[in-house]
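One structure is given below, encoded as structure tokens.
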Amino acid sequence: MSGRGADNTNTSDVRSDRIVTNSNGQPINEPFATQRVGQHGPLLLQDFNLLDSLAHFNRERVPERNPHAHGSGAFGYFEVTDDITDVCGSAMFDTIGKRTRCLTRFSTVGGEKGSADSARDPRGFATKFYTEEGNLDWVYNNTPVFFIRDPSKFPHFIHTQKRNPQTNLKDANAAWDFWTTPENQVAIHQVMILFSDRGTPATYRNMNGYSGHTYKWSNKNGDWYYVQVHLITDQGIKNLTNEEATKMGGENPDHAQQDLFENIQSGNAPSWTVHIQTMTEEQAQKLSFSVFDLTKVWPHKDFPLRRVGKLVLNENPENYFAQIEQAAFAPSNTVPYQEASADPVLQARLFSYADAHRYRIGPNYHQVPVNCPYASKFFNPAIRDGPMTVNGNLGSEPNYLATSKPYQYIQKDKPIQQHQEVWNGPAVPFHWATSPGDGDFVQARELYKVLGRTPGEQQKLAHNIAVHVCSATKEIRERTYALFARVDEGLAEAIRSESEQCANNVAKSKF
Ligand code: NDP
């Protein structure tokens, strides 16, 4: 991928490409001289070099992402280690040993671009694969579940993680008010992961990635499966305690960026072993929860992990802004044989991610070199024009699919999947609030038992919640204890005891 545009930008045979110029290419002899009336009189409007520099400086930021503003990334490759062509016909999986170039961006979610790497937050784990069938984006997180399953709640939930509209401070009341609202109880599973020490990973290298969503993959015979993807870190899981994370946030807020860059620079390329879980439609019908429910995992014992390949990040970006800040990941970027399922949060993301990039970078964001599907060849006569068209714009091609021109289509080689789900029903408003019975707490209780396998983990969960919720109001604290009592009475008591003590100390310190 070259950042070069058309051939006429290559002037190296005419003059050195290190001669300093203005944006027009005109050499600048005195970069710090400004045109004035006399030596100490006012400046002149005709000084284009000064105006050029100041005007461009004012425009050198693109809007930061709303969630996932703060991030780090690196290039690398995906290598197939195991044959899964019975599950997926995508070209990237067609041969053992095949490598596909990729870019991964890690991020926190709620904080601004300059916030600390060590914040308690889920981590984004987004990978763009430059395949010969187009770019494929796996826009994943380091947790296997999420806080919501109604996409309409996304802006509301993210706002609770942002700043209070009046105080401009992070707001424990907003976070716990949202999580303890009965119709949001599906969040409990993810809240427990967030407040376990996995909520503060030691580095980006020491955490897993999960699709979280259910996808639909198919093979070349037309058989299809529900699929979840797991990227398991080869560096091992390593987390910070709440206190270590707080200290790190002050001492080195960019510690994860530094760790990633320096490890790759010194040849210690991090890697992840990629696995899938698969489920048939018949198995999905027998589940005790919906296969489209983003707040639930697929138990390993029923849906064992199957190894697919390895993701290796071995190449730092040359330029952070060009290659990481402008990188545009979207779950709608997919390839043949990998489809979205009907998971409603995934369906909404199919729209909102690409839309965010149109706003942030512009409608031709896919022409930015890091986003170009360079390994396949873009050709669509009707996708033309718009701001910053820099790819030649398909030259003299008609700007519609012209009957008089021969075009090639490859859909006919793809299977017609006759046995897909069939959707049928009236258009109805539906709020997917609580699950029947205690359905939203079953996996949260399982997780509490998993934490119990390692001495101290349950206690750390209680501590991490207590020191966060203690700055919320008494009413919201009580709602929080009641919520966790539905997971485990002992957990709720441990949170209450430390949180009330902490709240008293905070109250005393105010006088
Ligand atoms: P298992 O006993 O087979 O799996 C438990 C899994 O929990 C481990 O494999 C590990 O997943 C994960 N885990 C370990 N420690 C933590 C932690 N501190 N925070 C979060 N996850 C941790 O049981 P099940 O598959 O039946 O799952 C039981 C519970 O484990 C679930 O309710 C869920 O909360 C959690 N879990 C399950 C996952 C799944 O896909 N089944 C994935 C992650 C968590 P890993 O190897 O991915 O690190």
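Because the structure is predicted, anything quoted here is derived from the model rather than measured. Both ligands and their constituent atoms are indexed starting at 1 by order of listing.
Here the shortest heavy-atom distance to atom 25 (O) of ligand 1, taken over Lys449, Glu446, His300, belongs to His300.
Ligand 1 lies within reach of His230, whose nearest heavy atom is under 4.0 Å from it.
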query = Under the ring-ring contact (aromatic ring centres under 6.0 Å, His included) criterion, do Phe129 and Trp138 qualify, and how do the steps go?
reply = CA-CA 8 Å; Phe129 302 90; Trp138 285 357; 4.8 Å; yes
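Ring pair Phe329/Phe125: centre-to-centre distance not below 6.0 Å. Here Phe93 and Trp217 bring their ring centres to under 6.0 angstrom of each other.
Of all the heavy atoms of Lys296, none lies under 4.0 Å from any atom of ligand 1, so neither backbone nor side chain is involved. Only the side chain of Pro144 comes within 4.0 Å of ligand 1, counting heavy atoms alone; its backbone N, CA, C and O stay farther away.
Between Thr273 and Asp234, the side chains place a donor N or O and an acceptor N or O closer than 3.5 Å (distance only, hydrogens not considered). For the residue pair Thr334 / Tyr215, no side-chain donor-acceptor distance below 3.5 Å is found, with atom types taken as modelled.
Ring planes of Trp179 and Phe147: parallel class, angle under 30° (limits at 30 and 60°).
Closest protein heavy atom to atom 45 (P) of ligand 1: Tyr210 OH, 3.4 Å. With respect to atom 33 (C) of ligand 1, the closest heavy atom belonging to the protein is His189 NE2, 3.4 Å.
The shortest N or O to N or O distance between Glu457 and ligand 1 is not under 3.5 Å. Note: an N/O pair closer than 3.5 Å links Asn208 and ligand 1 by distance alone.
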